[in-house]
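Notes follow once the structure below has been shown.
Proteins come first, then strands; the chains are lettered A, B, ... in the order of their sequence lines, and each starts at number 1. The figures that follow rest on heavy atoms only: side chains count, while hydrogens, waters and symmetry mates do not.
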2 protein chains.
Amino acid sequence: MASPPIKVIVFGATGNVGSQIIDGLLKSATNFDITAISRPASLDKPANEEYRKKGIKVVGASMTDSHDRLGEILLGADAVITPMFPTELDQQKRIIDVCKEVGVKRYIPSNFMPAMPPVGVMGIRDKKEEIICYAKLRMVPYTIVDMAFWFELLPYKTPSGKVDYALPPGLDSRIDGNGNVPTAYTFFNSLGPAVAKIIADPRTINKYVYVYDDVLTQNQAVDVLEELSGEKVERVYRPGEDIRSSISATRAKIAQTPEDTGAFISLTMEEYSYSLKVRGDGTPEWADYLGYLDIFKLYPDLKKRTLRDFYQGVLDGTHKGPFN
Amino acid sequence: MASPPIKVIVFGATGNVGSQIIDGLLKSATNFDITAISRPASLDKPANEEYRKKGIKVVGASMTDSHDRLGEILLGADAVITPMFPTELDQQKRIIDVCKEVGVKRYIPSNFMPAMPPVGVMGIRDKKEEIICYAKLRMVPYTIVDMAFWFELLPYKTPSGKVDYALPPGLDSRIDGNGNVPTAYTFFNSLGPAVAKIIADPRTINKYVYVYDDVLTQNQAVDVLEELSGEKVERVYRPGEDIRSSISATRAKIAQTPEDTGAFISLTMEEYSYSLKVRGDGTPEWADYLGYLDIFKLYPDLKKRTLRDFYQGVLDGTHKGPFN
């Protein structure tokens, strides 16, 4: 007899992270009963129309709706996932309260970032820790899913301009620190298939899971790009101290003008650089130190993709990233 | 060939917790090389004299000594343990820095309290979380050892006064909440043997371990005392709401007079009551939820002692607790 479907509710379902997760659920062999939550104003978006065609229930709601309304939506859920804008993380506390009230079996808050010490490295991680601690205070079953830095955010350029179409906007082609610190990377679209496995797996309840693909230093990454492209990449190094100064200056700016979203994004990217490329957070070894389960130890059948796969796709012109 | 001894350094070695740990190390079958750190003024205390007779190195030092001095002491340590007064927890940050510098293989900060959500339940746990997060920020290998509430703190009295000699000072013989919430208990001296196993075990590196013995509700605890003593115990219930009010009032008092140590101790005991006997924190199930390893799953040969053992000892007049 087939087991009953796993009932999953995804907020922010048409966003970057939400749509990756839905895609992973749809492609999984597991039987999921998927509800996509969309802001009422976005119900007629083409993405939601596509979801409906694929058998997904699309429900118009907002995380700020009444407790009762949210309770009706979450009742009976095996998993509730809330990808969030970094500025809206606090809204998750109400969702946690509702999960507790209606007995949701597993809550997955908006983490989805490189593994790092919970407090003191990045402002956004500190804030996410506050949400995780709130879920634990309310004794709500949870899974924390974090993922390595995206290949798609690598900034390196070749003289021919061949990779330019795949570059993220606004990032300098530079090497942070000495370029010799190992960093874990993943494809952005490794998240969805991983989440589909994680939420169907009782071993991951009340656990932290780390999703990654390849681990290499920035110098090794540039070596791969040079080898595959046959071009020489200019290596511009930026000392760790400069990144620290930039972080301090941007923090001061935000203290003066907290509504400056651009400064907030800059700060976050600089904090990532310092954490991953100078401190060396986010490798599978340090994730293990912090208590994470390793996605490849949990699911040895998952294919580990490499930086070589990424740059080959970019050079072939077949790359489709979250920014293009 | 015998393996080399495990080099352990214990601060506060003549204190309540420190002496339990040293005792556990001495009685263990594992070969430990023990250094007891004592404040220079206490070097001639009888307890230190006893330690020397048992082959323990006693070194006069303080946690506020210079980095260099502390570095010399901690160099080569397999495990460093720092039981602390709750008001001095911050001193551990310097020890963590030194552990990082000299490559200590495992740091055990002063936790040794019931498992509970890391933030928002008890002030003292919030403070300990700050220390744990600092160790993670510095990427120092750690083990968090927590332990259930002590049998020795049970306050129940019988009319004959037979158990009075064993009672902790200043605790009312009352039942907190409805008396039907399961609470985990342990003998105070279960800690030492557990620590001896934990620090000799590579499976516990960078993990949380929970030490406990028996689990029962307050009503069940009183039932056991009544059965063993043949006396009727008066059951005075205090509603959870009253404990919350008392906590709020004591917090307000401390905000006005932070140096009031008595108020701090009262607050801590009231917060324990609310956490363990109303919320229901600290059972092995909730410790598992929070990511702890279970001491009996790690070491099935450990003998699980019961409340019955405790009260039988008290009624036999053979009980020796930390308070008498």
Side-chain angles (χ1 to χ4, degrees), chain A residues 93 96-97 99-100 105-107 115-123 125-144 146 181-182 202-210 271 274-276 278-294, chain B residues 93 96-97 99-100 105-107 115-123 125-144 146 181-182 202-210 271 274-276 278-294:
Chain A
K93 290 186 181 172
I96 290 167
D97 288 339
C99 284
K100 182 71 185 181
K105 297 218 181 73
R106 184 194 307 245
Y107 175 59
M116 64 181 63
V119 174
V121 178
M122 286 187 63
R125 183 63 183 82
D126 292 8
K127 185 69 202 175
K128 289 179 176 184
E129 184 65 11
E130 194 186 312
I131 305 302
I132 295 170
C133 284
Y134 187 74
K136 290 177 179 172
L137 181 64
R138 296 304 319 272
M139 297 166 155
V140 166
Y142 63 90
T143 302
I144 307 304
D146 273 327
V181 173
R203 294 174 303 168
T204 61
I205 194 83
N206 305 324
K207 294 283 190 293
Y208 293 60
V209 184
Y210 198 44
E271 286 180 328
Y274 195 79
S275 167
L276 303 175
V278 181
R279 279 181 50 92
D281 295 316
T283 62
E285 289 71 23
W286 283 118
D288 177 71
Y289 163 81
L290 291 167
Y292 287 79
L293 303 176
D294 182 306
Chain B
K93 290 185 181 173
I96 290 167
D97 289 340
C99 286
K100 180 72 187 179
K105 297 217 181 73
R106 185 194 305 245
Y107 175 58
M116 63 182 63
V119 174
V121 177
M122 284 188 63
R125 183 62 185 82
D126 292 9
K127 184 70 203 176
K128 289 179 176 183
E129 183 65 11
E130 194 186 311
I131 306 302
I132 296 170
C133 283
Y134 188 74
K136 290 178 180 172
L137 181 66
R138 296 304 319 272
M139 296 166 156
V140 166
Y142 63 90
T143 302
I144 307 305
D146 272 327
V181 172
R203 294 174 302 167
T204 60
I205 194 81
N206 306 323
K207 294 283 190 295
Y208 293 59
V209 184
Y210 198 43
E271 286 180 328
Y274 195 79
S275 166
L276 304 175
V278 180
R279 278 181 50 92
D281 295 316
T283 62
E285 289 72 23
W286 283 118
D288 177 71
Y289 163 81
L290 292 167
Y292 286 79
L293 303 177
D294 182 305

TODO: Using side chain to side chain donor-acceptor pair (under 3.5 Å) as the criterion, list what pairs up with B/Y142, not counting sequence neighbours.
DONE: none
- [ ] Please name all residues satisfying ring pair (Phe, Tyr, Trp, His ring centres under 6.0 Å) with A/Y292, sequence neighbours left out, ordered by chain then number.
- [x] A/Y208, A/Y210
- [ ] Indicate the atoms forming the closest heavy-atom contact of B/V121 with B/D126, along with that distance.
- [x] N-OD1, 4.2 Å
Open item on the list: Could you tell me if the side chain of A/V209 sits less than 4.5 Å from the side chain of A/D146, heavy atoms only?
Closed with: no
Task: Side chain / backbone / both / neither for B/M139 at chain A, heavy atoms under 4.5 Å - done: both
- [ ] Evaluate side chain to side chain donor-acceptor pair (under 3.5 Å) for A/R106 paired with A/T204, printing each intermediate quantity in order.
- [x] CA-CA 10 Å; A/R106 184 194 307 245; A/T204 61; 2.7 Å; yes
TODO: Considering only NZ, NE, NH1 and NH2 on the basic side and carboxylate oxygens on the acidic side, decide whether A/R125 and A/E271 come within less than 4.0 Å.
DONE: no
Task: Option in A/I205, A/V119, A/D281, A/L137 with maximal non-hydrogen atom pairs under 4.5 Å from chain B - done: A/L137
Task: Pairing residues for B/R138 by the side chain to side chain donor-acceptor pair (under 3.5 Å) criterion, not counting sequence neighbours - done: B/D97
- [ ] Taking heavy atoms only and a threshold strictly under 4.5 Å, list by residue number the residues of residues 284-291 of chain B that touch chain A; give 'none' if the list is empty.
- [x] B/W286, B/Y289, B/L290
